[in-house]
Structures are given as C-alpha cells and as structure tokens.
Amino acid sequence: MFNIHIEISYIKRGDPMARKTVLVTGASRGIGKAIAVKFAKKNYNVVINCLHSEERLMQTKKDIESYQVSCLAFMGDVGDLAQCEKLFEQIRKQFGTLEVLVNNAGISYIGLLQDMNSEDWDRIIRTNLTSVFNLSKLAIPGMVAQKYGKIINISSVWGNVGASCEVAYSATKGGINAFTKALAKELAPSGIQVNAVACGAIDTEMNRFLDEDELISLVDGIPAGRLGRADEVADLVYHLGYKNSYLTGQVIGLDGGWI
Ligand code: NDP
C-alpha cells in the first residue's frame, strides 16, 4: 500500500507523460494566461503560446512551473499552419497527445468596415478563425486515437449579435460559434467535446483603449454592474475541460447578463 502511494506521487510530480496536457494559445497575458495557470494548478502539463511578447510568455511559464508541472512555451503565429505544425512536433515529443485544446488567441479591430484594408481583414480572419482550424486539425487525430478530448474556443458575445465598428471581429467570432457547433457533431462519436465561451466585456488589455467615460457607460449597461475577470473565464474553461462528457456543441455566454 505504502509503495503504491509513493509511486503515484512520483508519477504525478516527475513524469509528464502521466499527466494530462492542455494547449492554451495567446497565453502571454489576459484570459489565456489565467486559463493556463488554472490548468497548472490542477496538475496539467501546460503548453502556451503567443506571437510577440516573449518576456511575458516566459513569465507565464515561470508561474506555471511554480506548480511543479511541465510547461512548453512556443513563440509563433497560430494563424500559420506551418508554425502550428512545428508546435505540434514539439508537443508530441514532450508530452505525446493533447487532452485539452483552448483556442484563445485573438485580436480586435475597431473601425468602420469601409475604412478597413484587406491586410487587416486577412490578419484578423487568420488570427481569430484560421487559427482555430489549424490547431483543431492538428489536435484531433491524437484525441480520436485516445477517444478523449476537449476543444474549447474563446468566442465573444459579438459573435452572436454583432457589434458596430467591429464587423470583422464579429464575423470571426460568429464563425467560431458555427465551427464549434458543427465540429461538435463531427467529433461526438469519438468521445470529443467541442464548446465555446462567448465572453462579454472582460477586464484585459484588449479593452484598455476605452477612456474613463466609455468604460463607465459600458459598465452601466451590464446588469452585473462590472466587467468580467479573466479568472472567471478560466474557471468556466477548466470546468468544460474536464467535466461533463455529454455537454457539447454549446456556445456558453459569460457576460454578467449583458446581451
Ligand atoms: P489580450 O489582447 O490581452 O491577449 C491576446 C493574446 O493573444 C496575447 O497573448 C497575444 O500574444 C495572443 N495573440 C495575438 N495574435 C496571435 C497570433 N497570431 N498567434 C499567437 N498568439 C497571438 O486579449 P484577451 O485576453 O482579452 O482575449 C483573449 C481572447 O478572448 C480573444 O480571443 C478575445 O477575442 C476573446 N474575448 C475577449 C474579450 C474581452 O473583453 N477581453 C471579450 C470577448 C472575447 P502577443 O502578446 O504576442 O500579442
């Protein structure tokens, strides 16, 4: 009995192959960082990524490793399939397959559609939507083989109702919502669940462009009377990442009653 106990605790601390592995894209800050740290606290190996902010990604890695779990940090563009393939080569070497994929990386674009150029349109489609295709495509074969997997896409209330001056952003998030529902049907027979969290206004750097008056009027319209917090998104994502294998194809609103 005693020996068995020792062996379990050794495996949990020392052998990454014995733990579940989660990939969280866009984890240098904000919602992605909160999700990555939440899974680390729950003893997952955590793979994190971002495009520009190397120092901040390394800080996330340090925070994750303080929970005695393994962390792989990858700088690269999730909108580019070749770079995602490189990431998956490293994941396979270090951890085998993924149990949980969290497609979180995203950018916003504020402005009239008629003033948006094709480069900005392509960039937001690639970053927010093509990335979800790239990473799901690469994660699915391993998940199917093990007949277990959770794909969680971070969407937005604007994907449901649309926002003026955020047409491209709304289109990407609406695309994610339809992608989620369709892929859930395709993968349910393989024991894989696909869900999305449609966030309302969450207090991260993405909203720092708002001035004080804009922020007051935004909060005024939210029945909960405040912005959401990244750790509240992380709690819900973690729940979707390990519980309830009958819950799939859902776009779950997390917006304080806003929309
Ligand atoms: P932040 O701007 O704080 O963080 C975005 C993250 O995505 C950063 O880590 C950034 O990395 C990364 N990223 C951007 N482009 C790429 C790319 N091409 N490849 C890899 N990583 C990339 O945003 P939030 O934390 O607020 O948002 C996270 C998600 O939540 C997004 O999908 C967003 O649309 C969604 N959301 C947010 C809401 C909010 O109110 N905050 C509301 C609704 C949805 P880098 O540091 O390198 O730029």
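Read the numbers this way: they start at 1 and go in the same order the structure lists the ligands and their atoms. Keep in mind that this is a model prediction, so the values were computed, not measured.
Between I64 and A36 the shortest heavy-atom distance is CD1-CB, 3.9 Å. Nearest heavy-atom pair across S108 and E166 is CB-OE1, 4.5 Å. Shortest non-hydrogen contact noted between A168 and M116 is CB-CE, 3.5 Å. In plain terms, the two heavy atoms of T248 and Q250 that are nearest each other are O-NE2, 3.1 Å. Of all heavy-atom pairs spanning L236 and I252, the tightest one is CD2-CG2, 4.1 Å.
Looking at G79 next to ligand 1, no N or O pair under 3.5 Å apart turns up. For ligand 1, none of its N or O atoms has an N or O atom of C50 under 3.5 Å away. Checked against a 3.5 angstrom limit, the closest N/O atoms of S156 and ligand 1 fall outside it. Residue-to-ligand polar distances keep I107 apart from ligand 1: every N/O pair is separated by 3.5 Å or more. Close N/O approach between C199 and ligand 1 is not found [any backbone or side-chain N/O within under 3.5 Å].
Closest to atom 13 (N) of ligand 1, if we only count protein heavy atoms, is A105 CB, 4.0 Å. In terms of protein heavy atoms, atom 32 (O) of ligand 1 is closest to N104 O, 2.7 Å. Nearest protein neighbour of atom 45 (P) of ligand 1, counting heavy atoms only, is S53 OG, 3.5 Å. Nearest non-hydrogen protein atom to atom 48 (O) of ligand 1 is H52 ND1, 3.5 Å. Scanning the protein for heavy atoms near atom 42 (C) of ligand 1, the closest one is G200 O, 2.9 Å. Protein heavy atom in closest approach to atom 3 (O) of ligand 1: R29 NE, 3.1 Å. Shortest contact from atom 15 (N) of ligand 1 to any protein heavy atom: T127 CG2, 3.5 Å. Protein heavy atom in closest approach to atom 25 (O) of ligand 1: I31 N, 2.9 Å.
Note: K173 NZ to W158 CH2 = 13.5 Å, rounded to the nearest 0.5 Å. With rounding to the nearest 0.5 angstrom, the OG atom of S131 is 11.5 Å from the CG atom of L51. Put simply, OH on Y148 and NZ on K20 are 3.5 Å apart, with the number rounded to the nearest 0.5 Å.
Proximity to D77 (heavy-atom distance under 4.0 Å) selects the following atoms of ligand 1: 17 (C), 18 (N), 19 (N). For ligand 1, the atoms closer than 4.0 angstrom to any heavy atom of I202 are 39 (C), 40 (O), 41 (N).
When non-hydrogen atoms are compared, ligand 1 lies under 4.0 Å from the backbone of A201 (N, CA, C, O) but not from its side chain. When non-hydrogen atoms are compared, ligand 1 lies under 4.0 Å from the backbone of V78 as well as from its side chain. Contacts between A27 and ligand 1, counted as non-hydrogen atom pairs separated by less than 4.0 Å, involve the backbone only.
When G26, A230, S28 are checked for heavy-atom proximity to atom 7 (O) of ligand 1, G26 turns out nearest. Of the listed residues (G106, C84, G30), the one carrying the non-hydrogen atom nearest atom 5 (C) of ligand 1 is G106. Comparing heavy-atom distances from atom 41 (N) of ligand 1 across T60, T204, N128, V233 singles out T204 as nearest.
At least one heavy atom of G76 sits under 4.0 Å from some atom of ligand 1. Residue Y169 places a heavy atom under 4.0 Å from ligand 1. In this structure, S131 does not count as a contact residue of ligand 1, since none of its heavy atoms falls inside 4.0 Å of the ligand. Taking a 4.0 Å cut-off on heavy atoms, S155 registers as neighbouring ligand 1. For the ligand labelled ligand 1, residue T25 lies outside the 4.0 Å heavy-atom shell. Contact annotation: K173 has at least one heavy atom less than 4.0 Å from an atom of ligand 1.
Side chains of N104 and T25: a donor-acceptor N/O pair is absent below 3.5 angstrom, by distance only. Side chain to side chain, N195 and N153 fail the donor-acceptor criterion of an N or O pair below 3.5 Å.
When the shell of 6.0 Å around OH of Y246 is examined, it contains 12 or fewer heavy atoms from other residues, nucleotides or ligands.
Using a 4.0 Å cut-off between charged side-chain N and carboxylate O, R229 and D235 make no salt bridge. The residues R29 and E205 are annotated as salt-bridged, a charged nitrogen and a carboxylate oxygen being separated by less than 4.0 angstrom. Ion pairing between E232 and R226 holds under the 4.0 Å rule for side-chain N and carboxylate O.
Listed by first then second residue, pairs satisfying side chain to side chain donor-acceptor pair (under 3.5 Å) with a partner in residues 81-91 read D80-Q83, not counting sequence neighbours.
Aromatic ring pairs are classed by plane angle as parallel below 30°, tilted from 30° to 60° and perpendicular above 60°; the pair Y242 and Y238 is parallel.
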